[in-house]
Structures are given as structure tokens and as C-alpha cells.
Amino acid sequence: MAHQALFQSGWFVVGLLTQTLIVHMIRTQHVPFLQSRASAPVMLLTATIMAIGIVLPFLALGRHLGLVPLPAGYFPWLVAILLSY
């Protein structure tokens with residue numbers, strides 16, 4: 001059961017972050033972040049949503065939702081997934 005909660009927590013975080021980045025991909029025909037940047041409010045909202053998603057498994061609300069804290073070894077993989085996306 002512990003591995004299931006860990007998998008679901010990791011899936012939640014990677015899903016939320018990739019879906020948030022999709023907003024930047026579909027808003028322009030150019031390469032997001034390199035050739036075309038969104039407005040400051042959109043960038044701020046994106047960063048806020050991503051930060052909340054990363055922190056949520058470590059909070060009491062996350063535990064209430066069935067999430068568990070992610071190990072440090074998860075985050076290099078998360079960065080690799082996001083960069084390859």
C-alpha cells in the first residue's frame with residue numbers, strides 16, 4: 001500500500017507539472033520560453049501552480065488527500081521528464 005501511495009503522489013506531481021507546461025506549448029507556434037514568453041501574470045501563475053504541486057505531498061492537506069512525501073531521488077527524474085517533454 002505504501003508503494004501505491006508513493007506512485008500516486010509521483011504521478012500527481014509529474015502530471016500536474018506537465019499539464020501546466022502544456023499551457024505554454026499550445027499558446028504559441030514558437031518554442032515556449034525560448035522564442036516566445038508568456039506575460040508576467042501567466043508565468044507567475046504557472047510557477048505558483050507548479051510550486052504548490054511539488055509541495056502538496058509534504059503538507060497535511062496532501063496527506064489528507066492520500067499523498068505521501070516524495071524521496072529526494074524522485075526530483076532529478078522529474079527534471080529529466082520535464083526537460084524531455
Side-chain angles (χ1 to χ4, degrees):
M1 186 77 160
H3 292 294
Q4 181 179 357
L6 183 62
F7 175 80
Q8 290 172 343
S9 298
W11 188 272
F12 168 77
V13 171
V14 76
L16 179 67
L17 272 58
T18 55
Q19 290 174 29
T20 304
L21 290 176
I22 287 290
V23 170
H24 292 274
M25 291 180 187
I26 63 174
R27 62 166 280 284
T28 182
Q29 292 181 357
H30 300 286
V31 178
F33 304 108
L34 299 177
Q35 295 176 336
S36 175
R37 291 197 182 126
S39 65
V42 173
M43 295 290 278
L44 181 62
L45 188 58
T46 298
T48 301
I49 291 169
M50 292 175 89
I52 290 170
I54 291 170
V55 171
L56 188 60
F58 297 93
L59 301 176
L61 176 60
R63 286 189 298 274
H64 179 70
L65 296 172
L67 301 175
V68 296
L70 296 164
Y74 170 81
F75 293 99
W77 287 104
L78 177 64
V79 171
I81 290 168
L82 294 176
L83 288 175
S84 68
Y85 211 75

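Hydrogens, waters and symmetry mates play no part in the numbers below; they use all other heavy atoms, side chains included.
One hydrophobic cluster, built from ILVMFWY side chains closer than 4.5 Å, cannot hold both L44 and I54; they sit in different ones. Under the 4.5 Å side-chain heavy-atom criterion for grouping Ile, Leu, Val, Met, Phe, Trp and Tyr, I81 is not connected to V23 through any hydrophobic cluster. Hydrophobic clustering of Ile, Leu, Val, Met, Phe, Trp and Tyr side chains at less than 4.5 Å, counting indirect connections, unites L45 with L21. In this structure, F75 is a member of the same hydrophobic cluster as L82, with clusters built from ILVMFWY side-chain heavy atoms closer than 4.5 Å.
A 4.5 Å side-chain heavy-atom check between V14 and Y74 finds at least one atom pair inside the cut-off. With contacts defined as side-chain heavy-atom distances shorter than 4.5 Å, the pair T48/I52 qualifies.
Here the CG-CZ distance, from L67 to F58, works out to 10.5 Å after rounding to the nearest 0.5 Å. Rounded to the nearest 0.5 angstrom, M50 CE and T18 OG1 are separated by 8.5 Å. Summarising the geometry, atom CZ belonging to R63 is positioned 11.0 Å from atom CG belonging to L65; distances are rounded to the nearest 0.5 Å. Atoms CD1 and CG, from I49 and L17 in turn, are 10.0 Å apart once rounded to the nearest 0.5 Å.
The minimum heavy-atom distance between P76 and G73, with the atom names listed, is CD-O, 3.4 Å. Nearest heavy-atom pair across R37 and R27 is O-NH2, 3.4 Å. The shortest non-hydrogen separation linking G66 to S9 is O-OG, 4.5 Å. Nearest heavy-atom pair across V13 and P57 is CG2-CG, 3.9 Å.
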